[in-house]
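Sequence lines set the chain letters: A, B, ... in the order given, protein chains first and strands last, and positions in each chain run from 1.
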Amino acid sequence: MYWLLSVVITGALLAGCQNQPGAEPGAGINDPIKVGTAEIVNQDIARNAEKQLKEENHLKDVQAVNDGKKLLIAAQVPHNERFSLKKIEKKMNRQAKKQFPDHEVTLSMDKKIHLEVMELKGKLSEGGIGKKKWKKEIERIIKLSKEKT
Amino acid sequence: MADKKKNLTPAQQEYQQFQNQREVKRPVLKNCVKAFFVGGFICLIGQFIQMFFIYNFNFTEETAGNPTVAVMVFIAMLLTGFGVYDRMAQFGGAGTAVPVTGFGNAVISAAIEHRTEGFILGVGGNMFKLAGSVIMTGVFAAFLIALIKTILIQWGGL
(Lines give C-alpha, C1' and ligand atoms only; values in the text may rest on other atoms or scores of the structure.)
Protein backbone atom coordinates (compact mmCIF):
# COMPACT_ATOMS: atom_id res chain seq x y z
CA MET A 1 0.00 0.00 0.00
CA TYR A 2 3.00 2.32 0.51
CA TRP A 3 3.74 2.33 -3.19
CA LEU A 4 0.21 3.61 -3.84
CA LEU A 5 0.71 6.42 -1.36
CA SER A 6 4.08 7.33 -2.84
CA VAL A 7 2.63 7.28 -6.38
CA VAL A 8 -0.22 9.58 -5.31
CA ILE A 9 2.14 12.00 -3.51
CA THR A 10 4.61 12.06 -6.41
CA GLY A 11 1.80 12.53 -8.91
CA ALA A 12 0.30 15.38 -6.90
CA LEU A 13 3.68 17.09 -6.57
CA LEU A 14 4.53 16.70 -10.25
CA ALA A 15 1.12 17.91 -11.38
CA GLY A 16 1.11 20.84 -8.97
CA CYS A 17 4.62 22.10 -9.67
CA GLN A 18 4.60 21.99 -13.44
CA ASN A 19 4.96 25.30 -15.20
CA GLN A 20 3.63 25.67 -18.69
CA PRO A 21 3.81 29.26 -19.81
CA GLY A 22 2.51 28.39 -23.25
CA ALA A 23 -0.47 26.45 -21.96
CA GLU A 24 -2.28 29.44 -20.49
CA PRO A 25 -5.92 29.59 -21.49
CA GLY A 26 -6.56 32.11 -24.16
CA ALA A 27 -2.92 32.25 -25.24
CA GLY A 28 -2.94 33.11 -28.89
CA ILE A 29 -6.66 33.74 -29.06
CA ASN A 30 -6.23 37.48 -28.78
CA ASP A 31 -3.34 37.76 -31.19
CA PRO A 32 -4.64 36.48 -34.50
CA ILE A 33 -7.73 38.69 -34.72
CA LYS A 34 -7.33 40.40 -38.02
CA VAL A 35 -7.57 44.10 -37.32
CA GLY A 36 -8.59 46.03 -40.36
CA THR A 37 -10.16 43.14 -42.24
CA ALA A 38 -13.90 42.81 -42.35
CA GLU A 39 -15.02 41.83 -38.84
CA ILE A 40 -18.70 41.04 -39.02
CA VAL A 41 -19.36 42.75 -35.67
CA ASN A 42 -17.05 45.50 -34.43
CA GLN A 43 -15.25 44.16 -31.35
CA ASP A 44 -13.58 47.40 -30.21
CA ILE A 45 -15.75 47.64 -27.10
CA ALA A 46 -14.90 44.05 -26.13
CA ARG A 47 -11.18 44.59 -26.68
CA ASN A 48 -11.34 47.79 -24.67
CA ALA A 49 -13.13 45.98 -21.82
CA GLU A 50 -10.54 43.18 -21.84
CA LYS A 51 -7.67 45.66 -21.68
CA GLN A 52 -9.15 47.78 -18.92
CA LEU A 53 -10.25 44.88 -16.73
CA LYS A 54 -6.86 43.19 -17.07
CA GLU A 55 -5.11 46.40 -16.06
CA GLU A 56 -7.29 46.98 -13.02
CA ASN A 57 -7.45 43.40 -11.69
CA HIS A 58 -5.07 40.54 -11.13
CA LEU A 59 -6.48 38.06 -13.65
CA LYS A 60 -5.25 34.93 -15.34
CA ASP A 61 -7.22 35.67 -18.46
CA VAL A 62 -10.14 37.74 -19.65
CA GLN A 63 -12.13 37.31 -22.84
CA ALA A 64 -14.93 39.53 -24.03
CA VAL A 65 -17.30 39.71 -26.97
CA ASN A 66 -19.93 42.25 -27.86
CA ASP A 67 -22.95 42.49 -30.05
CA GLY A 68 -24.68 45.87 -30.29
CA LYS A 69 -25.49 46.85 -26.75
CA LYS A 70 -24.66 43.46 -25.27
CA LEU A 71 -21.23 42.96 -23.74
CA LEU A 72 -20.24 39.53 -22.48
CA ILE A 73 -17.10 39.22 -20.38
CA ALA A 74 -15.61 35.94 -19.14
CA ALA A 75 -12.69 36.12 -16.73
CA GLN A 76 -10.48 33.60 -14.98
CA VAL A 77 -8.66 34.42 -11.75
CA PRO A 78 -5.46 32.74 -10.51
CA HIS A 79 -6.33 29.53 -8.71
CA ASN A 80 -5.30 30.69 -5.22
CA GLU A 81 -7.61 33.68 -5.53
CA ARG A 82 -10.68 31.56 -6.17
CA PHE A 83 -11.45 31.73 -2.44
CA SER A 84 -12.56 35.33 -2.96
CA LEU A 85 -14.18 34.69 -6.33
CA LYS A 86 -17.54 36.25 -5.44
CA LYS A 87 -15.86 39.38 -4.13
CA ILE A 88 -13.72 39.76 -7.26
CA GLU A 89 -16.76 39.14 -9.47
CA LYS A 90 -18.74 41.84 -7.65
CA LYS A 91 -15.86 44.30 -7.96
CA MET A 92 -15.32 43.57 -11.65
CA ASN A 93 -19.03 43.80 -12.37
CA ARG A 94 -19.07 47.24 -10.79
CA GLN A 95 -16.03 48.31 -12.80
CA ALA A 96 -17.42 47.02 -16.09
CA LYS A 97 -20.82 48.63 -15.54
CA LYS A 98 -19.13 51.94 -14.69
CA GLN A 99 -16.91 51.81 -17.77
CA PHE A 100 -19.67 50.83 -20.16
CA PRO A 101 -22.82 52.43 -18.77
CA ASP A 102 -24.77 52.24 -22.03
CA HIS A 103 -24.06 48.55 -22.51
CA GLU A 104 -25.82 45.56 -21.10
CA VAL A 105 -22.86 43.95 -19.31
CA THR A 106 -22.83 40.24 -18.40
CA LEU A 107 -19.78 39.13 -16.45
CA SER A 108 -19.01 35.54 -15.62
CA MET A 109 -16.12 33.89 -13.81
CA ASP A 110 -17.23 30.44 -14.95
CA LYS A 111 -14.84 28.20 -16.86
CA LYS A 112 -17.51 27.02 -19.27
CA ILE A 113 -18.43 30.58 -20.25
CA HIS A 114 -14.73 31.35 -20.71
CA LEU A 115 -14.38 28.34 -22.99
CA GLU A 116 -17.48 29.25 -25.00
CA VAL A 117 -16.36 32.86 -25.43
CA MET A 118 -12.90 31.72 -26.55
CA GLU A 119 -14.47 29.34 -29.06
CA LEU A 120 -16.74 32.08 -30.36
CA LYS A 121 -13.82 34.49 -30.74
CA GLY A 122 -11.90 31.80 -32.59
CA LYS A 123 -14.81 31.40 -35.01
CA LEU A 124 -14.95 35.16 -35.53
CA SER A 125 -11.26 35.47 -36.26
CA GLU A 126 -11.51 32.61 -38.74
CA GLY A 127 -14.54 34.19 -40.30
CA GLY A 128 -16.64 31.09 -39.89
CA ILE A 129 -19.70 32.73 -38.38
CA GLY A 130 -22.48 34.95 -39.69
CA LYS A 131 -23.98 38.02 -38.04
CA LYS A 132 -27.23 36.27 -37.16
CA LYS A 133 -25.45 33.24 -35.72
CA TRP A 134 -23.11 35.53 -33.75
CA LYS A 135 -26.04 37.26 -32.07
CA LYS A 136 -27.73 33.95 -31.35
CA GLU A 137 -24.56 32.44 -29.87
CA ILE A 138 -23.99 35.43 -27.55
CA GLU A 139 -27.58 35.21 -26.35
CA ARG A 140 -27.15 31.48 -25.75
CA ILE A 141 -23.97 31.99 -23.70
CA ILE A 142 -25.55 34.78 -21.64
CA LYS A 143 -28.50 32.48 -20.91
CA LEU A 144 -26.10 29.66 -19.99
CA SER A 145 -24.20 31.94 -17.60
CA LYS A 146 -27.40 32.68 -15.71
CA GLU A 147 -28.42 29.04 -15.31
CA LYS A 148 -28.54 27.86 -11.72
CA THR A 149 -29.56 24.22 -11.97
CA MET B 1 -14.33 8.75 33.36
CA ALA B 2 -12.64 9.58 36.67
CA ASP B 3 -15.60 8.19 38.64
CA LYS B 4 -15.47 4.98 36.70
CA LYS B 5 -11.83 4.53 37.57
CA LYS B 6 -12.49 5.10 41.27
CA ASN B 7 -15.08 2.32 41.39
CA LEU B 8 -12.67 -0.23 39.99
CA THR B 9 -11.13 -2.78 42.28
CA PRO B 10 -7.31 -2.77 42.65
CA ALA B 11 -7.13 -5.90 40.53
CA GLN B 12 -9.15 -4.25 37.79
CA GLN B 13 -6.98 -1.13 37.93
CA GLU B 14 -3.89 -3.26 37.69
CA TYR B 15 -5.35 -5.06 34.69
CA GLN B 16 -6.18 -1.78 33.02
CA GLN B 17 -2.60 -0.61 33.48
CA PHE B 18 -1.36 -3.89 32.05
CA GLN B 19 -3.74 -3.50 29.12
CA ASN B 20 -2.61 0.08 28.45
CA GLN B 21 0.98 -1.09 28.30
CA ARG B 22 0.29 -3.96 25.94
CA GLU B 23 -2.28 -2.28 23.72
CA VAL B 24 -1.15 -1.58 20.18
CA LYS B 25 -1.13 2.18 19.73
CA ARG B 26 -3.40 3.55 17.02
CA PRO B 27 -1.31 5.25 14.31
CA VAL B 28 -3.48 8.38 14.34
CA LEU B 29 -1.14 10.57 12.29
CA LYS B 30 -0.56 7.86 9.70
CA ASN B 31 -4.32 7.29 9.43
CA CYS B 32 -4.89 11.03 8.99
CA VAL B 33 -2.31 11.24 6.21
CA LYS B 34 -3.82 8.18 4.49
CA ALA B 35 -7.35 9.63 4.81
CA PHE B 36 -6.14 12.96 3.45
CA PHE B 37 -4.62 11.44 0.34
CA VAL B 38 -7.37 8.89 -0.34
CA GLY B 39 -10.07 11.55 0.17
CA GLY B 40 -8.09 13.93 -2.01
CA PHE B 41 -7.75 11.27 -4.69
CA ILE B 42 -11.52 10.68 -4.72
CA CYS B 43 -12.05 14.44 -5.05
CA LEU B 44 -9.51 14.52 -7.88
CA ILE B 45 -11.55 11.92 -9.76
CA GLY B 46 -14.64 14.03 -9.05
CA GLN B 47 -12.84 17.04 -10.48
CA PHE B 48 -12.01 15.09 -13.64
CA ILE B 49 -15.64 14.08 -14.03
CA GLN B 50 -16.77 17.68 -13.50
CA MET B 51 -14.32 18.88 -16.12
CA PHE B 52 -15.56 16.15 -18.46
CA PHE B 53 -19.12 17.48 -18.09
CA ILE B 54 -17.98 21.09 -18.55
CA TYR B 55 -15.92 20.38 -21.66
CA ASN B 56 -18.24 17.89 -23.36
CA PHE B 57 -21.73 18.93 -22.34
CA ASN B 58 -23.62 22.14 -21.82
CA PHE B 59 -22.84 22.44 -18.10
CA THR B 60 -21.29 25.39 -16.31
CA GLU B 61 -19.12 25.05 -13.19
CA GLU B 62 -22.24 25.65 -11.12
CA THR B 63 -24.56 23.23 -12.89
CA ALA B 64 -21.93 20.51 -13.45
CA GLY B 65 -21.98 19.77 -9.70
CA ASN B 66 -25.26 17.80 -9.85
CA PRO B 67 -24.33 15.21 -12.51
CA THR B 68 -20.86 14.91 -10.99
CA VAL B 69 -22.28 13.99 -7.59
CA ALA B 70 -24.67 11.52 -9.21
CA VAL B 71 -21.87 9.83 -11.16
CA MET B 72 -19.56 9.68 -8.13
CA VAL B 73 -22.27 8.11 -5.97
CA PHE B 74 -23.10 5.64 -8.74
CA ILE B 75 -19.44 4.63 -9.13
CA ALA B 76 -19.12 4.17 -5.35
CA MET B 77 -22.27 2.01 -5.39
CA LEU B 78 -20.85 -0.21 -8.13
CA LEU B 79 -17.49 -0.49 -6.37
CA THR B 80 -19.25 -1.39 -3.11
CA GLY B 81 -21.18 -4.11 -4.90
CA PHE B 82 -17.97 -5.53 -6.36
CA GLY B 83 -16.29 -5.38 -2.95
CA VAL B 84 -13.60 -2.92 -4.06
CA TYR B 85 -14.78 0.04 -2.00
CA ASP B 86 -14.49 -1.93 1.25
CA ARG B 87 -10.82 -2.55 0.55
CA MET B 88 -10.30 1.11 -0.22
CA ALA B 89 -12.10 2.01 3.02
CA GLN B 90 -9.86 -0.34 4.99
CA PHE B 91 -6.85 1.58 3.73
CA GLY B 92 -8.23 5.12 3.52
CA GLY B 93 -10.59 5.16 6.52
CA ALA B 94 -12.43 8.46 6.80
CA GLY B 95 -10.99 9.51 3.45
CA THR B 96 -13.51 7.20 1.79
CA ALA B 97 -16.41 7.95 4.14
CA VAL B 98 -16.39 11.74 4.16
CA PRO B 99 -16.71 12.47 0.40
CA VAL B 100 -20.10 11.94 -1.24
CA THR B 101 -18.99 8.46 -2.33
CA GLY B 102 -19.31 7.40 1.31
CA PHE B 103 -23.04 7.97 0.94
CA GLY B 104 -23.29 5.51 -1.93
CA ASN B 105 -21.29 3.03 0.08
CA ALA B 106 -23.59 3.45 3.10
CA VAL B 107 -26.70 2.75 0.98
CA ILE B 108 -25.39 -0.31 -0.84
CA SER B 109 -23.56 -1.92 2.08
CA ALA B 110 -26.79 -1.82 4.13
CA ALA B 111 -28.73 -3.25 1.16
CA ILE B 112 -26.22 -6.10 0.75
CA GLU B 113 -26.24 -6.83 4.47
CA HIS B 114 -30.02 -7.26 4.61
CA ARG B 115 -30.64 -8.93 1.25
CA THR B 116 -31.33 -12.28 2.89
CA GLU B 117 -34.38 -10.77 4.63
CA GLY B 118 -36.17 -10.22 1.32
CA PHE B 119 -36.44 -7.40 -1.16
CA ILE B 120 -39.14 -5.30 0.49
CA LEU B 121 -38.58 -5.69 4.22
CA GLY B 122 -34.90 -6.54 3.92
CA VAL B 123 -33.34 -4.42 1.16
CA GLY B 124 -36.09 -1.79 0.91
CA GLY B 125 -36.55 -1.39 4.63
CA ASN B 126 -32.90 -1.27 5.61
CA MET B 127 -31.29 0.41 2.61
CA PHE B 128 -31.42 3.83 4.24
CA LYS B 129 -30.64 2.63 7.75
CA LEU B 130 -27.25 4.34 7.61
CA ALA B 131 -27.82 6.80 4.80
CA GLY B 132 -31.08 8.02 6.32
CA SER B 133 -29.24 9.61 9.20
CA VAL B 134 -26.86 11.25 6.70
CA ILE B 135 -29.80 12.71 4.75
CA MET B 136 -31.57 13.84 7.91
CA THR B 137 -28.46 15.49 9.35
CA GLY B 138 -27.66 17.09 6.00
CA VAL B 139 -31.15 18.53 5.56
CA PHE B 140 -31.23 19.79 9.13
CA ALA B 141 -27.74 21.33 8.87
CA ALA B 142 -28.68 22.98 5.57
CA PHE B 143 -31.83 24.38 7.20
CA LEU B 144 -29.81 25.81 10.11
CA ILE B 145 -27.18 27.34 7.83
CA ALA B 146 -29.87 28.86 5.59
CA LEU B 147 -31.55 30.30 8.69
CA ILE B 148 -28.28 31.83 9.93
CA LYS B 149 -27.47 33.20 6.48
CA THR B 150 -30.93 34.73 6.11
CA ILE B 151 -30.67 36.37 9.53
CA LEU B 152 -27.19 37.72 8.73
CA ILE B 153 -28.32 39.09 5.37
CA GLN B 154 -31.56 40.59 6.67
CA TRP B 155 -30.25 42.14 9.89
CA GLY B 156 -26.51 42.06 9.58
CA GLY B 157 -26.41 43.71 6.16
CA LEU B 158 -23.95 41.13 4.89
Side-chain angles (χ1 to χ4, degrees), chain A residues 1-16 18 23 25-26 60-61 63 72-77 79 81-90 106-120 122 136-149, chain B residues 27-71 79 84-96 99 101 142 145-146 149 152-153 156-158:
Chain A
M1 280 301 176
Y2 284 104
W3 67 269
L4 185 72
L5 201 64
S6 54
V7 164
V8 170
I9 295 171
T10 319
L13 284 175
L14 285 176
Q18 68 173 343
K60 197 159 83 177
D61 190 42
Q63 302 286 339
L72 171 63
I73 306 165
Q76 290 282 288
V77 293
H79 201 75
E81 284 174 29
R82 280 182 70 90
F83 284 116
S84 44
L85 195 65
K86 287 273 169 207
K87 223 172 161 181
I88 299 170
E89 190 177 352
K90 228 177 182 176
T106 308
L107 184 117
S108 176
M109 311 298 268
D110 204 287
K111 191 160 181 64
K112 178 72 181 179
I113 306 302
H114 184 249
L115 282 170
E116 293 273 352
V117 171
M118 276 200 331
E119 201 180 314
L120 198 61
K136 221 173 166 183
E137 278 290 294
I138 288 187
E139 270 167 16
R140 183 185 67 83
I141 301 172
I142 290 174
K143 202 177 156 199
L144 185 69
S145 74
K146 284 173 184 159
E147 258 178 32
K148 292 280 175 203
T149 49
Chain B
V28 179
L29 193 74
K30 198 174 131 194
N31 285 350
C32 287
V33 171
K34 274 182 180 174
F36 178 80
F37 280 103
V38 172
F41 185 68
I42 291 171
C43 295
L44 181 74
I45 295 169
Q47 188 74 43
F48 274 121
I49 293 172
Q50 190 180 20
M51 282 298 141
F52 171 78
F53 279 120
I54 289 175
Y55 276 87
N56 297 296
F57 296 94
N58 224 11
F59 286 110
T60 61
E61 268 176 41
E62 208 171 319
T63 54
N66 300 337
T68 307
V69 167
V71 169
L79 289 179
V84 181
Y85 204 84
D86 306 24
R87 281 168 187 270
M88 277 165 67
Q90 264 179 358
F91 175 75
T96 55
T101 45
I145 300 290
K149 193 185 169 187
L152 282 178
I153 288 171
L158 203 75

Query raised in the report: With chain B, which of A:Asp110, A:Leu144, A:Ile113 has the greatest number of heavy-atom pairs at distances under 4.5 Å?
Result: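 Going by pairs under 4.5 Å, I would pick A:Asp110.
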**Report entry** Donor-acceptor under 3.5 Å (A:Lys112 side chain, B:Phe59 main chain)
**Finding:** no
Query raised in the report: Which of these, A:Lys148, A:Arg82, A:Lys111, sits in a salt bridge (charged side-chain N to carboxylate O under 4.0 Å, His left out) with B:Glu61?
Result: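 Of the listed residues A:Lys148, A:Arg82, A:Lys111, the salt bridge (charged side-chain N to carboxylate O under 4.0 Å, His left out) partner of B:Glu61 is A:Arg82.
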Query raised in the report: Which answer fits B:Phe57, side chain, backbone, both or neither, if we ask what part of it has an atom under 4.5 Å from a heavy atom of chain A?
Result: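 Interface part for B:Phe57: backbone (N, CA, C, O).
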Report summary line: Contacts of A:Lys87 meeting salt bridge (Lys or Arg N to Asp or Glu O under 4.0 Å) (sequence neighbours excluded), chain-then-number -> none
Query raised in the report: Could you give the distance from CG (B:Asn58) to NZ (A:Lys143), rounded to the nearest 0.5 Å?
Result: 10.0 Å
Query - Which atoms of A:Leu115 approach chain B - backbone, side chain, both or neither, heavy atom under 4.5 Å - result: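 Just its side chain gets close to chain B.
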Query raised in the report: Given the options B:Thr63, B:Asn66, B:Thr60, which has more heavy-atom pairs under 4.5 Å with chain A than any of the others?
Result: B:Thr60
